[in-house]
Amino acid sequence: MRERLRATLETPGFQRFIVAVIVINAATLGLETSAGAVRRYGTALTVVDHLALYVFVAELGCKLYAYGPRFFRNPWNLFDTAIVTVSLLPTAGGLSVLRALRILRALRLISVVPSLRRVVTALLTAMPGMTSIVLLLALVLYVAAVMGTKLYHVTAPAYFGDLPTSLFTLFQMMTGDAWSDITRQVMNTHPWAWVFFVAFMLVCTFVVLNLFIAVVVSAMEEEHAEESVQATEDVGRAVLTELAALRAEVRELRDRLPATGAEAGGRTGEPAARRAAGRRRGSAAGQRE
């Protein structure tokens with residue numbers, strides 16, 4: 001029973017059904033943000049939301065029964081369980097804010113769609129390498145903020161009045177948001193300020209941030225390589241299994257052939273012996289005559 005249930009849960013058709021339920025549930029939760037849609041279809045939206053939740057709970061229950069203790073060894077199962085548990089919490093009274101967390105069910109697409117799962121796995125794999133880059137970025141940002149506060153706190157107090165303000169301003173510039181406007185305002189008083197800001201943008205935006213991309217891409221390539229190796233190993237095991245089965249069949253056929261040949265030889269040899277004995281008796285009689 002567990003084997004059949006496990007096979008059903010792993011079929012592409014069942015996975016597509018779960019994806020469809022997640023997408024429909026996410027759409028209904030989005031429609032609930034519209035007052036007009038709630039007035040017209042409020043009851044239907046609530047019914048669809050509850051049905052989707054029941055489907056998710058039933059799916060987790062079936063997985064727990066089918067996989068047993070192995071269910072808790074898969075981090076994606078724990079991820080799905082946490083999301084569904086949040087949806088089951090009461091949303092009345094002071095916990096009404098949990099109602100907004102129902103949209104987290106849409107994140108279940110990550111655990112259901114293999115391509116999304118690979119991307120998230122690659123990001124998690126890249127976290128150790130990204131830690132050093134984050135520290136480097138924080139160091140550069142801190143040094144630039146101290147310099148900007150010392151140099152431009154009088155010229156542009158709204159942007160560089162103190163260290164926290166400078167940190168926020170430089171972080172904003174690092175994202176590419178209105179950095180040219182800030183630079184031009186400072187350059188009205190300090191014409192050579194562009195050197196500081198251009199150097200900061202080159203280091204942070206075009207060097208450090210690209211390192212993040214490089215680390216993530218490298219992690220994704222490693223993830224694809226591991227999947228390719230795993231697929232190759234699976235194919236190799238399948239081929240070896242087929243070869244073993246073929247060898248067993250050939251061995252069985254070889255074992256049968258000698259016995260069959262001996263039986264055939266015995267059957268065909270008996271008439272030949274009789275004919276030879278008849279010829280010998282005939283020749284002996286002729287000699288007597």
Side-chain angles (χ1 to χ4, degrees), residues 23 26-27 29-30 33-34 75 79 82-83 97 100-111 113-228:
V23 172
L29 292 174
T33 61
S34 172
F79 176 77
I83 290 178
V97 67
L101 298 180
R102 292 180 302 160
I103 192 58
L104 292 177
R105 297 179 205 165
L107 294 178
R108 290 206 58 210
L109 281 174
I110 298 174
S111 63
V113 180
S115 59
L116 295 178
R117 195 163 56 237
R118 284 195 296 268
V119 172
V120 174
T121 302
L123 289 175
L124 295 177
T125 305
M127 289 301 295
M130 294 172 65
T131 303
S132 300
I133 301 175
V134 170
L135 293 176
L136 176 61
L137 181 61
L139 180 61
V140 172
L141 192 62
Y142 177 76
V143 171
V146 172
M147 293 178 62
T149 304
K150 294 287 187 181
L151 294 173
Y152 311 122
H153 70 282
V154 176
T155 304
Y159 296 118
F160 299 98
D162 51 30
L163 184 60
T165 304
S166 298
L167 286 171
F168 181 78
T169 300
L170 293 175
F171 180 80
Q172 175 185 348
M173 294 177 64
M174 184 179 65
T175 61
D177 180 22
W179 74 274
S180 60
D181 297 336
I182 299 172
T183 302
R184 292 183 184 279
Q185 181 176 340
V186 176
M187 286 177 60
N188 292 331
T189 306
H190 303 277
W192 288 94
W194 65 271
V195 177
F196 170 79
F197 291 111
V198 169
F200 172 78
M201 293 295 294
L202 287 175
V203 171
C204 289
T205 304
F206 298 103
V207 177
V208 178
L209 292 183
N210 283 332
L211 287 176
F212 280 104
I213 300 175
V215 171
V216 172
V217 170
S218 177
M220 292 186 67
E221 290 179 351
E222 292 178 0
E223 185 70 20
H224 283 294
E226 291 179 359
E227 288 188 354
S228 299

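Every heavy atom of this structure was used, including side-chain atoms; hydrogens, water molecules and symmetry mates were not. Each residue takes its place number in the sequence, starting with 1.
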Rounded to the nearest 0.5 Å, how far does [atom2] of [Y] lie from [atom1] of [X]?
| X | Y | atom1 | atom2 | answer |
| --- | --- | --- | --- | --- |
| Phe200 | Leu170 | CZ | CG | 4.5 Å |
| Leu136 | Thr131 | CG | OG1 | 12.5 Å |
| Thr149 | Met147 | OG1 | CE | 11.0 Å |

Restricting to side chain to side chain contact (heavy atoms under 4.5 Å, CB included), what partner residues turn up for [X], sequence neighbours left out?
| X | value |
| --- | --- |
| Leu202 | Val198, Phe206 |
| Ser132 | none |
| Thr155 | Thr189, His190 |
| Leu116 | Leu109, Val113 |

Point to revise | Heavy-atom pair of closest approach, residues Ala26 and Ala106 | key: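 Residues Ala26 and Ala106, closest heavy atoms: CB-CB, 4.0 Å.
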
Point to revise | Residues that His153 engages under ring pair (Phe, Tyr, Trp, His ring centres under 6.0 Å), provided they are two or more places apart | key: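 His153 satisfies ring pair (Phe, Tyr, Trp, His ring centres under 6.0 Å) with no residue once adjacent residues are dropped.
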
Review point. What do the steps show when you test Gln185 against Ile182 for side chain to side chain contact (heavy atoms under 4.5 Å, CB included), and what is the final call?
Key: CA-CA 5 Å; Gln185 181 176 340; Ile182 299 172; 5.9 Å; no

**Study point:** Beyond-backbone contact of Phe171 with Leu167, side-chain heavy atoms, under 4.5 angstrom
**Key:** no

**Study point:** Beyond-backbone contact of Met201 with Thr183, side-chain heavy atoms, under 4.5 angstrom
**Key:**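 Not in contact.
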
Tabulate below the donor-acceptor pairs under 3.5 Å that side-chain atoms of residues 157-164 make, not counting sequence neighbours, or state none.
unit_1, atom_1, unit_2, atom_2, d
Asp162, OD1, Thr165, N, 2.9
Asp162, OD1, Thr165, OG1, 2.5

**Study point:** Among Trp192, Tyr152, Trp179, the one residue meeting ring pair (Phe, Tyr, Trp, His ring centres under 6.0 Å) with Phe197
**Key:** Tyr152

